[in-house]
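All values below come from the heavy atoms of this structure, side chains included, with hydrogens, waters and symmetry mates left out. Counting from 1, the numbers follow the sequence of the chain as shown.
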Amino acid sequence: MNQKDIVTFLTTTIDSFIQDRLIDKERRIQHKEQCAERLAAEDESIDKESEVRYSDQAVLANLDWGIEALEEAINTYNMETKIARLDYAEKMLQVCAMLNPDRKTAGVPNFYLSAWAHLNLSYLWKLRNNVQNSIFHALEMFIVDPFFSRIDFAPELWKDLFLPHMSSIVGWYSEERHRLMMEVIPDSTDLSFTADFDQFFNESLICAMRPHQVEKLQNLEKLYGESLDKNTTLYAKYYKDCFNPDSTTSSKKAPMLPIAEPPMTPLHELSCSIPDYVKFGPILPKSAGFSPALKAKDGANETIRGNVTSSHSQKADKSSSSWGAKEKTIGEYEDSDDDLDDPYIDRDRKTQTTLSPRIKGQDIEPKVHQLNQKNQIYSPPVFSPSDSPRATPETSSSLRAIHTKGEPKCLRLLSRRFSDTSIFNSSPISPHLSTDHSISSEDSDNEIMGVKNSKRINHYSENIMNHEKDNILSFNDNSLYENQEGNSSCSLSLKSEKSTVQSRPPKDFVCPITGQIFSDPVTLETGQTYERKAIQEWLRTGNTTCPITRQSISASMLPKTNYVLKRLITSWKEQHPELVQEFSNSPSVKDFPVVSSMQKKADSPAHKSANDYIRQRSKRLMQVPVASSPTSVISQAEVETIINCLKPYISSLCTSEDLQECEDSVLAIARLWKDSKNDPHIHSHLSNPTFINGLVEILSAALNREVLRTSIYILSELIFADESVGEILSNVDSDFDCLATLLKNGLIEAAVLIYQLRPVYDQLSAHELIPSIVQLIQNKNEEFDDLQFLIHPKDAALAILEQILLGGDEYSRSLNALSVISANGIPILVKYMERMEGRRSVVSILLCCMQAEKSCRSLIANRIELSPVLELFHSGNDSVRGICVEFLSQLVQLHRRTMCNKLLQIIKDEGAFSTMHTFIVYLQMAPMEHQLAVASLLLQLDLLVEPRKMSIFREEAVEALIESLWRKDFSNTQTKALDALLLLIGHLTSSGKSYTEAWLLKIAGFDQPYNALMKVEQLEKHDNDLEDEENAMSSWQKRVAFVLCNHEKGSIFKALEECLKSTSLETAKSCLVVATWLTHMLSTIPDTGIRDVARTFLLEELIHVLQSSKNLEETILATLALKNFISDPIALEALGTYAKSIYKTLRKLKKYRVVSADIIKALLNLKSVDVTSLWSCKEVVELDLSSNGEVLSLLYVNGRVLSGHSDGTMKVWDAEKRVLRLVQETHEHNKAVTCLYSSGDKLYSGSLDKTIRVWTMKCDKIHCVQVHDIKEPVYELIANDKLACYVTQVTGAKVYNWSEAPKIINFNKHVKCLAMSGNKLYCGCSGYIVQEVDLSNYTSNTILSGTRKLLGKQFIHSLLIYDDFLIAGGSLVDSTAGKILSLSSKEVVGSLSTGLDIHRMAMNSDFVFTGTKCGTIEVWLKYKLSRVASIKMAGGHTKITSLASDSDGVMLFVGSSDGKIQAWALD
């Protein structure tokens, strides 16, 4: 083949293998269990006093978590979960894949772990549709560990890829082994290699070997295995070189094909009859761990099977017989389960075991012990690694759950046994041809087994019969024929009479108690095997001895299931389906009604938890057919007697009209049943529908509480034993109604029966059971020791209550949870947490209550003890842990930070285990829906103290949150992660809802949402603890912000950038809130360079929000976030490039000046920004008020415009909608209103009628409250609560303190305008002079002096004060009509260069407006003092008499001498 063909071959073969593995879930599970068994065996061989490092445990945990995550990815159909699980699995598996192969981890060789990881990585990349990486990892597996790859991980793949190249090695090995075998077989000189090799390639020959022959075979097998491994690695590297990105190009020369060379060239052609299992070389049993392989790898002198044969050879000289005839009986030979627990038994050669040793009395223990010390003869059977039996469901899936006993077994080549079930089941043993091939092993759990090649057994038996006369395989050891007490031997016979047929299952597959085929076999310490349920019943009745041997049983607990025997039985059933139906009456689904029904209700947590509880409490024998055997637990005669006694009572119950008689019958039936020890036959007799109906009628009519309880108990036991009884009750609605009525009437035992009937949600909700259940849980019920229900009635009631709360739609769940709360169920449930059995249901119910009524979490938090919850989390499975995490996560969402911190401290400190350590372990394996909750909890626990330099808990938690933010294809996960961050910030209402957005809007000046929320929350503003709460909240926010921002140099900002781009509006909005909060908090935490990172990733996205969003809250939040960047020159320059597109939006937010004013100011002052291009305005309204004369004054106050006219009229206009709407018109003044001024909540007006009036505004109208007659006309006015300063027609200005006579100041100057700042009054006077008057002592100081013109006078017509500056506008002097003075330095710092006199001025946050007598308004940039634009009034050269601007800078109002008011929108 050329290189392209090789690539195609590799792709097809490996891809097909991986595809098959991905499809076959049972195969994967079985493979994991068998590999785990090898790890467990190695763990047992490690010195118990040696301490395994935490890092080593972590590596093994990573492998386990990676495989589990990969399995979840394979089984899920949710793409979001699949991608997340694959990412996590890759990260975990890469840890093991990169281990140093020359070292060990926790005693396990790294090459084994690395190869296992590569196998799973090949599955992973196949799921990602990356075939190339998948093939690379598969080949890397064979390179890293060729031995275990071909016997444990991928034997099928090795057979296809490598075995064809090993023909010369296999041929050499076959020839050498044949030569050794011929030395054993007498008269074998005439046997042909090709014709007879397969016939004698069997285990019996090994048993006949002498020690030196066994040693030769061991050395041969070792050399054979090393050759296979060496050449496997060689060809794997060759394949890898062929398969590269350029492998299909013609320019790349293909690598040279290697050649597998055997140690010696074989003399014969390879025999076609050599079994495949021989070609795989030596097999290492799972229970042997890795020690033999490591010894072989390190070049130790110990041979492959040295341990086995050395034991034999050392004892050979000490015994008169190699089989130890005087030391051990035939029935005592045993084999370890490791011989058959190999995962790769060829399915074409099904295996079988005999397991019925007959042992004499008390002699078993010393004899077995003596055998183990003296004679250990191993006859290894053959296993093909190319296939394996199905894994049993009882097998644990955890790498750490399997523990085996005993020393590691020896590495040996396993050969096929002679066996035929027809021979050893029914035929007498021939003294000439019988032999024992059983294997004894120390601490093998007394499991005895033999192996049968089912595919070729007939041919094999035929060959044996042909050699029977020659006695080729005879052994003359008398110990082989020895029988104990007439019992048959467990040795494997080689002869069977031709007339015998397989008509019954092997006796060792049948339980001696029940007489039926094993379903769950357990082997006792006495060596006898029984059905688990049967021996449990035997022990429950008070027996303490083995039913057969009568030896005492010292073990307090039954041993684990005999999986070897169970697998053999499964194999036998597949071979003999016609006999299975006849002889196998093992319990079916209906025989275990409660357990099976609970499994069917997997979607119901209540049933799931109670199912676990039932398995723990139930000690009863399930209903199984009982054979008429003298060893039965209850004799047939005794059963018949009880049934005869029951008949009259059953008849009376079903036919009598006397209630008392029926009640007495029920009690009598219960007593008899108890005497029968719940015998299955009695169960069957009582399961009659007529009897069931009689009990239901008793439940409907009886009043005696004992009778009712007893009836329920009988029905409960019957349902537990036979599911069909429950179906009888479920088919009649009135039966369930009866039970519901009993429960509501206070009979809590009815809950057990209701629970067992598994009613649907609609049935439960129809009876409104919640108040009754809550009350019954609270009550102290009378206890009857004689009735032991399979589940405590209160636990059953809790399970029912949980089912009700979890059923129905969201509205129904909410109503049901509120019913629990209204029934005062919270304190009752919290108190019930003390019981371990119902704890899970209580946590689930409380969680439902918190989700339905958020405010009840404070009640729960104040009452609950968290130790039981943490204990439940530590001891529970993943489902229970998920519920506990959700519960704790909900519980800590308290509106007070101080309370929340106390609760977190309790969670952190409580429990016997480290809560944080447990959480971080669970975080690594938690399903997607629970990861965010546990990460948030873990981070909160870590933040209880000031963030340290490094914390693994914090790093893992933050990493989990940020990883969820990156899942841009799954907006739901992103939203949940953002919600978790918002809850982490800590601004929570009493219902646990985050109000961080409202809090940020309040900071920005938009406080309506926050005020509305606080009004609903009704928070006490004068709370004594308010200061402590604010301090705790401030400290908490700083910690959270510091940790989030500094994780991996601000990686959260990059993740938030992706979230802001989300197409989900909800995700984008939540992300904006989080991003705004983080940028806002940047100024409160030390700058470690993260501000630059935040600007890099967030600036453009925030600008995009500002440009595109139509939502007011979103634009305010984006503006608040951008505000935090304006102090950064780089960010400000970047912001300047978008100035034109965002300026209009920013101006619309002028009313929220806290956020927009600073940004606008920074933009307008940038040199790179052309302010002229930003300016725009349009006239929106013009009002002709010429009938009232000139508009002498304008004033803007709180969305209202006040105008004063020359005829004494004052008008109030509504200006909120830009179009001026007249609200009020008043004529309090009888002459021209020359000036208007506001201070605080009062308005002041001055008029030529020689009065000053004080006004208040209520309901959009003004009301005159004071009138001051000052005897002089008023032309200019400034006032406050203490005094008023005004200008009259005479020189100087006057100060009037509202009660005393006016005082003249600055009497030698003609004052034209006034301005006041603090206690300083500024007067614009003739001669272009500005004077500063100290109102505390009435001293004056000139701060601006002008010069006389040759023509006319110079005046200051208007003054404006902002910040520390004073703008004086007046007559045109030297091309300037305005001066800007610094109030602190009293110096001129700028000027307004214009060619027109300035008569009126107005100002907003950004601009200064100057009006002239010719109808032109000039616009100046407030802080640059540069001219921006000009506005021309309509009507030619109309004199501008008044100007006013709103504080937000949105509108400009102009009054003219022709009686018009114009409104301009500054857009």
Side-chain angles (χ1 to χ4, degrees), residues 31 34-39 41-42 45 96-97 99-105 107-119 122 137-163 165-166 169-170 173 218-240 260 262-263 276-300 302-307 338 342-344 380 382-386 388 408-414:
H31 173 257
Q34 292 160 343
C35 292
E37 185 179 350
R38 191 179 297 282
L39 296 181
E42 187 66 24
S45 65
C96 295
L99 292 174
N100 185 343
D102 297 328
R103 297 185 179 180
K104 295 183 180 180
T105 299
V108 179
N110 285 353
F111 57 77
Y112 187 86
L113 300 176
S114 181
W116 195 358
H118 279 297
L119 176 62
S122 68
H137 282 289
L139 294 174
E140 190 66 28
M141 171 185 65
F142 286 106
I143 295 173
V144 172
D145 184 6
F147 177 71
F148 287 109
S149 294
R150 64 183 172 83
I151 72 167
D152 274 7
F153 299 135
E156 309 98 320
L157 187 58
W158 182 85
K159 183 177 179 181
D160 293 337
L161 291 181
F162 302 100
L163 186 56
H165 301 285
M166 309 292 176
I169 299 176
V170 176
Y173 167 71
Q218 293 169 3
N219 293 332
L220 173 63
E221 291 173 348
K222 176 182 177 182
L223 185 58
Y224 179 46
E226 291 174 351
S227 298
L228 292 179
D229 293 344
K230 177 182 177 182
N231 286 281
T232 296
T233 302
L234 185 66
Y235 276 94
K237 291 180 179 179
Y238 165 72
Y239 285 144
K240 190 174 180 181
D276 285 344
Y277 52 80
V278 175
K279 303 173 185 178
F280 281 85
I283 303 298
L284 183 64
K286 304 298 174 295
S287 59
F290 305 95
S291 300
L294 289 173
K295 290 178 182 178
K297 188 179 182 68
D298 296 337
E302 183 181 14
T303 59
I304 298 174
R305 294 189 300 160
N307 290 341
D338 301 305
D342 190 276
Y344 306 113
V382 169
F383 292 82
S384 171
S386 61
S388 65
K409 304 301 182 292
C410 309
L411 180 64
R412 58 188 183 268
L413 178 63
L414 304 179

Requested in this report: Please identify each residue that fulfils salt bridge (charged side-chain N to carboxylate O under 4.0 Å, His left out) with D229, with sequence neighbours left out.
Outcome: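 Per chain and number, D229 pairs via salt bridge (charged side-chain N to carboxylate O under 4.0 Å, His left out) with R150.
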
Query raised in the report: How long is the gap from CD on E221 to CG on L223, to the nearest 0.5 Å?
Result: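 Going from CD on E221 over to CG on L223, the span is 11.0 Å.
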
Query raised in the report: Between S114 (side chain) and A97 (backbone), is there a donor-acceptor pair under 3.5 Å?
Result: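 A pair under 3.5 Å: yes.
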
Shortest non-hydrogen contact between [X] and [Y], atoms and distance:
X    : Y    : value
L161 : H165 : O-CD2, 3.3 Å
I169 : S227 : CG2-CB, 4.0 Å
L113 : C96  : O-CB, 4.1 Å

Query - Aromatic plane relationship, Y239 with Y235 - under 30° parallel, 30 to 60° tilted, over 60° perpendicular - result: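 If you compare the ring of Y235 with that of Y239, the planes turn out tilted.
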
Report task. Evaluate the ring planes of H31 and W116, with Trp represented by its six-membered ring, and classify them as parallel (under 30°), tilted (30 to 60°) or perpendicular (over 60°). Result ->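 Because their plane-to-plane angle is over 60°, the rings of H31 and W116 count as perpendicular.
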
Contact check, side chains of [X] and [Y], non-hydrogen atoms, under 4.5 Å:
X    : Y    : answer
L119 : H137 : no
F153 : Y112 : yes
T105 : L99  : yes
L228 : W158 : yes
T233 : F142 : no
M166 : T232 : yes
I151 : F147 : yes
F111 : D102 : no

